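Residue numbering restarts at 1 for every chain, and letters A, B, ... go by the order of the sequence lines. Not measured: the values here are computed from a predicted model.
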Amino acid sequence: MSDIRDNPYLAHMHGGAEAAGGARGSEPNKAFAALVPGKTTAAQQEATEDSDCSGLTGRAFSQKYKSILAKRRELPVNKQRQKFLDLVHSNQFVVLVGETGSGKTTQIPQYMVLDMLPHVEGKMIACTQPRRVAATSVAQRVADEMDVKLGQEVGYSIRFEDCTSARTVLKYCTDGMLLREAMSDNMLSRYSAVILDEAHERTLNTDVLMSLMKNIAAQRLDIKIVVMSATLDSEKFQKYFNDAPLLTVPGRTYPVEIYYTPEPEADYLEAAIKTALQIHASEPEGDILLFLTGEEEIEEACRLLRARGDDLIRRANCGPLLVVPLYSTLPPAMQQKIFSKAPEPRTKGGAPGRKIVVSTNVAETSLTIDGIVYVVDPGFAKQKVYNPRVRVESLLVSPISRAAAQQRAGRAGRTRPGKCFRLYTEKSFNSDLIEQTYPEILRSNLGSIVLQLKKLGINDLVHLDLMDPCAPEVLMRALELLHYLGALDDDANLTPLGLAISEFPIDPQLAKMVVSAADYGCTNEALSIAAMLSVPNVFLRPREAQRAADMAKAEFAHMDGDHMTLLNVYHAFKSCADPTQWCWDNFLQYRSLKSADSIREQLRRIAANNEIPLVSNDFNSPDYYPQIRKALTAGFFMQVAHLERNGQYLTVKDNQLVLLHPSSVLERKPEWVAYNEFALTKRHYIRTVTEVKPEWLLDIAPHYYDLESFPPCEGKRILEKIALRNTIFREEQDMKKRRKDKKDRKDREGKDKKDKKDKDKKVKKDKEKRHRSKD
DNA sequence: GAGCACTGC
């Protein structure tokens, strides 16, 4: 930090006028001196902003600053600045509801900075976002608004990238990042205030963070918490945060007219296509956004829209259509197409062209497309559900909530008034749809979350104060998993192993594999596999080139299974000359491999920091792959299936009937396999599968393969035989050892006797010698 | 013989 007296904000601490004047010459700035931390008024803040030079940098404000400032003053949130400050001054928690366009995300954090002057105490203000792009782009915008360089007084912090400095006063970060920080600083002592933005999205991280902030606030009366949300579901937030006061800020969007179908639609895909084409045929200019559930459905809809659109254009003299798909796994170049302009009329003065974007939920929150005037909403989305009984997370096409429907409709009113066509009845909207989507924490496996909570110092999970408490059975499953992995002891306290596992930002099973790999001399390989399993599928299989893609994949196939195949792919990726071209040639997703590489680097650094040796076995040793598979077993012994005599796999303990996923490279069916994922679709598949040995299971996870408590099945009988064989073998070894020990002891005793005799003889001789010499 | 909503550390 530069000299504290250079900072005009600190005027009140150093005799005001003198210090403030020092930064910019002779004229003292009264507005700076007037700011008293925690007691500023809107007028004082505005005066500070209107002055000639920045209180933070001491530099004169630029022309650009002044023009942005004029726009900032017109934002709806600015009209409520005084009210907001009053609430913050007299409350520890404030809930703020602001619709799109209110300016809350950019302005509220700045009001907080001016009010608290956190750097006086060497502290900061954090504003969390659920997504990385939001954290980075908003930070850039606010840096411009405050006339500072991004990364200096205003910065951001996201995975793989910390763009902050010792001067940083305001930090935008992902909520996951702040959680990680809390794991090493449980009281978040570096922050004088935390602003939680987009809280209505109720992501896993936001929910955990809200609970944590409540906990911290009870112990740190100096900290302020502002919770910002976009919905009207504010009462729930207020109640959760000890009856916090509410401030509502109007948004700035255009009206959207809503239309419902008079009768329920039997086939929503067909209805959606029809509706989109009808809009094209009869509504004025403006682009269409159509929400569907997944990649396959979207590609199918695009094909149909193009075909029928051509037909429509011929028959009804409509304008040309541009149909573009949008989903997250679409290559970035293809995603860019959503921003292209609608096509020109085919003849001068002819019917205008139109763009139709067919998208998943990405377009609901993550991506904003300008120029959308019409939204078609069939009312469905793929949603994650968790079944604790079989410990399986899966995706299910389900009806969306009223809040989500509202969010979708809002996408039509960003640039001018729009229309939203809902493909369900108004009655259905009111009586069938739930108010809010169930928060993610109620639909997820909590293994990793529970571990994080333990690390955050929250031990009493039963009384864990979440906005929506999770099901006891889900908590039980999480505790059970962590206990079996050895991350928690019998009293559910974090073990040293659990502490190590919690350092890694990956699934606990994967982290256990990495940590255990040290025992098998293969941490380097375990890190690569863990990274490859933490990114979206790397294998591409385009519909028009399935055979070619399969052949390309076969080149990487490893006889032991899919994990080793992934390792082959990673190694090949690292040693190829032109990664983009190479990925293209081999039907591999460049994005996923690139991201696996970054993750691996992060994991490697964490391993190094935790004194986990980074080692490999000799590649030419016959043990090279078995050792890696043993490390895999150490993490995934709970995800093992056994091939029954009828040719079907049963998962161990749960006795679920499963099939090897057709994408597996394992053509022969090994008797015992460990799997990464249980995929619940039309059938039950196990995906990413590698052969393991039953004796490893008994060796590596004896507490889980405790045969006394094992439900009966073929696998159990085989394990019992092996266990018996092991016992007999051990008995034999013991007997041999005992026999040998006995013999050794006898020999030793014999030798000792002889030694003693010899010694005695020697002593006698010596004595005699001495006697003789005396004489 | 078949998927893969979306995020995040």
Within this structure, what is the [atom1]-to-[atom2] distance between [X] and [N], rounded to whole angstrom?
{"X": "A/Arg443", "N": "B/dC6", "atom1": "CZ", "atom2": "P", "result": "14 Å"}
{"X": "A/Leu659", "N": "B/dG3", "atom1": "CG", "atom2": "C1'", "result": "14 Å"}
{"X": "A/Asn676", "N": "B/dC4", "atom1": "CG", "atom2": "P", "result": "13 Å"}
{"X": "A/Arg202", "N": "B/dT7", "atom1": "CZ", "atom2": "C1'", "result": "16 Å"}
{"X": "A/Leu179", "N": "B/dG8", "atom1": "CG", "atom2": "P", "result": "14 Å"}
{"X": "A/Ile606", "N": "B/dC9", "atom1": "CD1", "atom2": "C1'", "result": "8 Å"}
{"X": "A/Glu297", "N": "B/dA2", "atom1": "CD", "atom2": "P", "result": "19 Å"}
{"X": "A/Phe678", "N": "B/dG3", "atom1": "CZ", "atom2": "P", "result": "13 Å"}

Among the nucleotides [options], which one has an atom lying closest to any side-chain atom of [X]?
{"X": "A/Pro662", "options": "B/dG1, B/dC9, B/dC4", "value": "B/dG1"}
{"X": "A/His661", "options": "B/dA2, B/dC6, B/dC9", "value": "B/dA2"}
{"X": "A/Ser328", "options": "B/dC4, B/dC9, B/dC6", "value": "B/dC6"}
{"X": "A/Lys384", "options": "B/dG3, B/dA5, B/dC9", "value": "B/dA5"}
{"X": "A/Val362", "options": "B/dA5, B/dG1, B/dC6", "value": "B/dC6"}
{"X": "A/Arg132", "options": "B/dG3, B/dT7, B/dC9", "value": "B/dC9"}
{"X": "A/Gln546", "options": "B/dC9, B/dG3, B/dA5", "value": "B/dG3"}

Checklist line | A/Lys594 NZ: over 12 foreign heavy atoms closer than 6.0 Å | finding: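 Result for NZ/A/Lys594: open.
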Is the phosphate of [N] approached by [X] (side-chain N or O, under 4.0 Å from OP1 or OP2)?
{"X": "A/Arg683", "N": "B/dA2", "answer": "yes"}
{"X": "A/Thr360", "N": "B/dC6", "answer": "yes"}
{"X": "A/Arg159", "N": "B/dT7", "answer": "no"}
{"X": "A/Thr174", "N": "B/dC9", "answer": "yes"}

Note to self: For a side-chain contact (heavy atoms from CB on, under 4.5 Å) check, start with the C-alpha distance between A/His642 and A/Leu650, then their side-chain angles and the critical distance, and finish with the verdict.
What the structure shows: CA-CA 5 Å; A/His642 176 250; A/Leu650 274 191; 5.6 Å; no
Show me the donor-acceptor pairs within less than 3.5 Å that the side chains of residues 448-459 of chain A make with the rest of the protein, sequence neighbours left out.
| unit_1 | atom_1 | unit_2 | atom_2 | d |
| --- | --- | --- | --- | --- |
| A/Lys454 | NZ | A/Asn459 | O | 3.3 |
| A/Lys454 | NZ | A/Ala492 | O | 2.8 |
| A/Lys455 | NZ | A/Glu503 | OE2 | 3.2 |

Notebook entry, point to check: Counting any heavy atom closer than 4.0 Å, what does A/Glu295 reach on the DNA or RNA strands: base, sugar-phosphate only, or nothing?
Noted result: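 Touches a base.
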Notebook entry, point to check: NA contact type, A/Asn361, heavy-atom cut-off 4.0 Å: base, sugar-phosphate, or nothing?
Noted result: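 Counting heavy atoms under 4.0 Å across all strands, no contact is made by A/Asn361.
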Next item on the list: Between A/Ile158 and A/Thr293, just flag the one whose closest nucleotide in DNA chain B comes earlier from the 5' side.
Entry: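 The residue whose closest nucleotide sits nearer the 5' end is A/Thr293.
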Note to self: Reading DNA chain B from 5' onward, which residue's closest nucleotide shows up sooner: A/Arg131 or A/Tyr685?
What the structure shows: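 In this pair, the answer is A/Tyr685.
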Note to self: Does the structure place the NZ or CZ of A/Lys553 under 6.0 Å from the centre of the six-membered ring of A/Phe587, at an angle of no more than 45° from the ring's axis?
What the structure shows: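 Here A/Lys553 fails the 6.0 Å and 45° test against A/Phe587.
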Next item on the list: Answer yes or no for A/Arg422 and A/Phe429: cation-pi contact, defined as NZ/CZ to six-membered ring centre under 6.0 Å and angle to ring axis within 45°.
Entry: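 Pair A/Arg422/A/Phe429 counts as cation-pi.
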Please tabulate, for side-chain N and O atoms in residues 438-447 of chain A, each donor-acceptor pair with protein atoms closer than 3.5 Å (sequence neighbours left out).
| unit_1 | atom_1 | unit_2 | atom_2 | d |
| --- | --- | --- | --- | --- |
| A/Glu440 | OE1 | A/Leu204 | N | 3.0 |
| A/Glu440 | OE2 | A/Lys384 | NZ | 3.2 |
| A/Arg443 | NE | A/Tyr438 | O | 2.9 |
| A/Arg443 | NH1 | A/Lys384 | O | 3.1 |
| A/Arg443 | NH2 | A/Tyr438 | O | 3.3 |
| A/Ser444 | OG | A/Lys384 | NZ | 3.2 |
| A/Ser444 | OG | A/Glu440 | O | 2.7 |
| A/Asn445 | OD1 | A/Gly447 | N | 3.0 |

